[in-house]
Amino acid sequence: MTSVCDYLIVGQGIAGTVLALMLEKKGKSVFIIDKFSIHSSSQVAAGLVNPITGRRIVKSWMADEALPDAFQFYFEFEKEFGEKVFHSIDALEVTSSVHEYNEWTRRMDEQNLQHYFRQDAPNELYRGKIRDFIKLVRITSSGWLDIPRFTSIVRKKFLASNLIKDELFEQDQLKVEESGISYEGLFAKRIIFCEGYKCLENKFWEYIPLIPAKGEIVVIECKGLPQEFILLSGMFIIPIGNDQFRCGATYEWKFENELPTESGKSKLLEMLNNVLKTEFKIIEHTSGVRPTVKDRRPILGQHPDHQNVFIFNGLGTKGVSLTPYFANHFIEHLENDARLMSEVDVGRFSSMKN
Ligand SMILES: Cc1cc2nc3c(=O)[nH]c(=O)nc-3n(C[C@H](O)[C@H](O)[C@H](O)COP(=O)(O)OP(=O)(O)OC[C@H]3O[C@@H](n4cnc5c(N)ncnc54)[C@H](O)[C@@H]3O)c2cc1C
């Protein structure tokens with residue numbers, strides 16, 4: 001095989017997928033290499049979008065800028081491909097004390113947060129179905145992306161034009177030159193690594209302080225629970241149709257492998273029993289590893305020593321909300337030399353490279 005393209009993308013999680021689609025829209029040619037894994041973060045993620053960070057009741061970082069881009073991107077995708085992938089539904093935060101509810105109402109009145117709340121929370125719909133609560137707080141601009149469906153639609157599209165290979169990218173086969181990179185007969189002007197937490201094994205990026213955070217998730221069947229809203233109560237309970245709900249998630253910073261564990265399942269069961277009064281049964285249990293960073297900011301930009309080698313990673317717990325905005329931002333940088341926000345520029349870790 002000898003072919004030429006503008007960008008070789010390694011990894012087709014949500015990062016590589018959105019980047020590939022956007023680059024194509026700009027008229028760039030793209031080739032993807034991705035070793036599909038059911039345990040990749042994107043295949044496991046619940047896909048939740050939530051503009052408010054619950055515990056501290058603050059706006060999620062960049063919510064005002066990133067969420068409109070995310071909504072627009074996923075809706076346009078649905079229109080173009082004729083498939084439903086993004087479910088825009090309100091979320092309900094369950095408050096369990098008067099103090100907690102008062103804190104929420106205080107924040108709901110603040111100018112910069114007001115538009116993320118609605119006053120008509122369906123309290124009575126949930127009485128008797130979830131544990132005793134004071135009131136529900138209704139959050140808008142939320143929803144969930146069916147990431148596996150989204151990435152699989154895009155995979156099929158690239159497969160149909162022979163522009164994706166399902167295999168492990170072998171770094172030893174990569175040659176980086178002044179004019180571009182070559183890899184097993186493929187020549188690309190640039191390579192972008194979108195490998196999620198596996199970037200820890202990548203010799204170009206091993207200096208980046210990525211912190212892998214394992215998460216487990218369950219799908220339950222719960223016939224008595226309303227399906228119109230996402231419930232938030234120290235965990236998320238997302239209706240996915242047919243009386244099923246995706247619920248999670250756990251956080252584990254020390255782990256042996258990517259696989260689901262009995263202790264993870266017990267933790268999730270305990271969390272669910274603390275929220276639900278309605279009977280439920282677990283029908284699926286999965287796990288994956290999030291690519292998180294201590295400063296909780298995405299990582300994008302150019303390798304300090306190689307002008308044709310780039311990274312798009314560090315999406316942490318917010319891949320669905322942040323990816324479209326930052327893929328756009330990244331492409332402006334790649335194609336039009338726009339300056340990267342210093343907060344997300346991979347250059348912030350340059351001093352760690354010896
Ligand atoms: C339990 C759990 C729940 C989550 N819930 C949410 C949520 O509700 N909302 C949200 O926004 N985010 C959530 N996340 C986080 C979200 O999954 C991540 O932000 C996002 O998926 C990261 O995407 P990525 O494309 O960077 O990496 P990944 O999804 O890990 O994709 C990387 C891809 O690259 C491939 N790859 C890696 N190395 C190579 C190589 N050398 N050769 C070939 N292929 C390679 C991998 O196999 C994979 O396909 C959750 C994560 C977990 C684990």
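All figures in this text were calculated on a predicted structure; none of them were measured in a lab. Each ligand, and each atom within it, is numbered from 1 in the order the structure gives.
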Does some side-chain heavy atom of [Y] sit less than 4.5 Å from a side-chain heavy atom of [X]?
X      : Y      : answer
Ile57  : Glu93  : no
Leu19  : Ile331 : yes
Glu103 : Thr95  : no

task = Considering heavy atoms of the protein only, find what lies nearest to atom 34 (O) of ligand 1 and give residue, atom and distance to 0.1 Å.
result =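 That would be Gly11 CA, 3.1 Å.
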key: For atom 8 (O) of ligand 1, the protein heavy atom that lies nearest, with its residue and separation   =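 Scanning the protein heavy atoms, the shortest distance from atom 8 (O) of ligand 1 goes to Leu48 N, 2.8 Å.
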With respect to [atom], which of [options] exhibits the smallest heavy-atom separation?
atom                    : options                     : value
atom 5 (N) of ligand 1  : Ala46, Gly215, Ser321       : Ala46
atom 27 (O) of ligand 1 : Ala15, Ala70, Ser40, Gly196 : Gly196
atom 46 (C) of ligand 1 : Ile217, Asp34, Thr286       : Asp34

Within a distance under 4.0 Å of any heavy atom of [X], pick out the atoms of ligand 1 and give their elements.
X      : result
Cys194 : 32 (C), 33 (C), 34 (O)
Lys35  : 43 (C), 44 (N), 46 (C), 47 (O), 49 (O)
Val44  : 1 (C)
Gly13  : 25 (O), 29 (O), 31 (O), 33 (C)
Gly288 : 53 (C)
Lys318 : 11 (O)

Fit a plane to each ring of [X] and [Y], take the angle between them on a 0 to 90° scale, and name the class: parallel (under 30°), tilted (30 to 60°) or perpendicular (over 60°).
X      : Y      : answer
Phe77  : Phe150 : perpendicular
Trp61  : Phe326 : parallel
Phe204 : His303 : perpendicular

request  = Determine, using ring centers only, whether Phe280 and Phe245 are less than 6.0 Å apart.
outcome  =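 No, ring centres 6.0 Å or more apart.
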request  = Check whether the ring centres of Phe71 and Phe86 lie less than 6.0 Å apart, and answer yes or no.
outcome  =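 Yes.
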ask   = With a 4.0 Å cut-off on heavy atoms, does Glu167 reach ligand 1?
value =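 Yes.
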ask   = Out of curiosity, is Gly316 lining ligand 1, as in a heavy atom under 4.0 Å away?
value =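 Yes, Gly316 has a heavy atom closer than 4.0 Å to ligand 1.
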Any N/O of [X] closer than 3.5 Å to an N/O of ligand 1?
X      : answer
Glu195 : yes
Phe169 : yes
Ser42  : yes
Gly47  : yes
Val289 : no
Thr317 : yes
Ser37  : no
Gly319 : yes

inquiry  = Just to be sure I read this right, does ligand 1 sit under 4.0 Å from the backbone of Ala213, its side chain, both, or neither, counting only heavy atoms?
reply    =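 Ala213 to ligand 1: no contact under 4.0 Å from either part.
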message = Rounded to the nearest 0.5 Å, what separates atom CD in Gln302 from atom NE2 in His333?
response =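 Separation between the atoms: 6.0 Å.
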task = To the nearest 0.5 angstrom, please state how far the CZ atom of Arg107 sits from the CD1 atom of Ile52.
result =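 That separation rounds to 8.0 Å.
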Does this structure show an ion pair linking [X] with [Y], if we count only N-O contacts that are shorter than 4.0 Å?
X      : Y      : value
Glu83  : Arg149 : yes
Glu206 : Lys203 : no
Lys84  : Asp146 : no

